[in-house]
Amino acid sequence: MRGRLLILVVLSMLAAPLSAAMVSGQVFVDANSDGVRQEGDEPLAGAIVSDGAVLVATGPDGGYALETQSDVVFVVNPTGTWPEGSFWRRVAADTASADFPMLRQEQKVPFYFVQGTDMHIRPDIADKMAQYVNAINSLP
């Protein structure tokens with residue numbers, strides 16, 4: 001019985017909604033690869049930070065603020081950069097900051113990622129599927 005009670009308590013904790021938390025931080029090119037923002041590090045304006053539900057772009061100073069109910073935030077690295085270490089950070093209600101140091105990385109050709117989901121094979125959507133495939137194939 002004690003084991004079942006423990007499992008029930010753990011499951012109820014997992015099912016409880018997370019309270020909203022404000023997470024803020026900086027996205028920057030880390031000139032000396034030490035993971036800490038300091039003078040000489042270039043801010044990355046327009047970088048995207050998300051919790052999987054909300055997207056925010058960094059300002060001219062590389063800063064962002066995101067209200068989230070998730071326990072993870074991540075950065076979408078701008079072209080020509082690569083995350084130093086992990087591209088995501090675990091956050092908690094008491095976490096106020098999550099910085100994303102980036103490294104310069106040459107990117108010789110553009111990269112495109114396209115995801116089509118929930119495409120079921122049905123005769124009534126064949127025309128729409130063909131339009132979708134043509135649109136993907138016409139990307140540069």
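Excluded from the calculations below are hydrogen atoms, water molecules and symmetry mates; all remaining heavy atoms, backbone and side chain alike, are included.
- Considering all non-hydrogen atoms of both residues, Val56 and Ala65 come closest at CG1-O, 3.8 Å.
- With values rounded to the nearest 0.5 angstrom, Met102 atom CE is found 11.0 Å from Asp30 atom CG.
- Leu103 and Val76 fall into different hydrophobic clusters, defined by Ile, Leu, Val, Met, Phe, Trp and Tyr side-chain heavy atoms under 4.5 Å apart, directly or through other members.
- Taking 4.5 Å as the limit, every side-chain heavy atom of Val72 sits out of range of all side-chain heavy atoms of Asp51.
- Looking at heavy atoms from C-beta onward, Thr81 lies in side-chain contact with Arg104 at the 4.5 angstrom threshold.
- At least one donor-acceptor pair under 3.5 Å links the side chain of Asp41 to the backbone N or O of Ala31.
- Heavy-atom contacts from other residues, nucleotides or ligands closer than 6.0 Å to CG of Asn32 number more than 12.
- Side-chain atoms of Val54 and Leu66, non-hydrogen and from C-beta on, do get closer than 4.5 Å to each other.
- Interatomic distance, CH2 of Trp82 versus CD of Glu106, reported as 15.0 Å (0.5 Å rounding).
- Although no hydrogens or angles enter the test, the distance criterion places a donor-acceptor pair under 3.5 Å between the side chain of Asp99 and the main chain of Gln26.
- Side-chain contact between Pro101 and Arg37 is absent, with no heavy-atom pair separated by less than 4.5 Å.
- The CZ atom of Phe28 lies 9.0 Å from the CG atom of Leu44; values are rounded to the nearest 0.5 Å.
- Linking ILVMFWY side-chain heavy atoms closer than 4.5 Å, directly or via other members, places Val73 and Val75 in a single hydrophobic cluster.
- The minimum heavy-atom distance linking Pro60 with Ala45 is given by the pair CA-CB, 3.7 Å.
- In this structure, the separation between CE on Met22 and OG on Ser97 is 13.0 Å, given to the nearest 0.5 Å.
- The closest donor-acceptor contact from the side chain of Ser50 to the backbone of Phe74 lies at 3.5 Å or more, if one exists at all.
- Ring planes of Phe100 and Tyr64: tilted class, angle from 30 to 60°.
- Judged purely by atom type and a 3.5 angstrom limit, Thr58 uses its side chain to pair as donor or acceptor with the backbone of Gly46.
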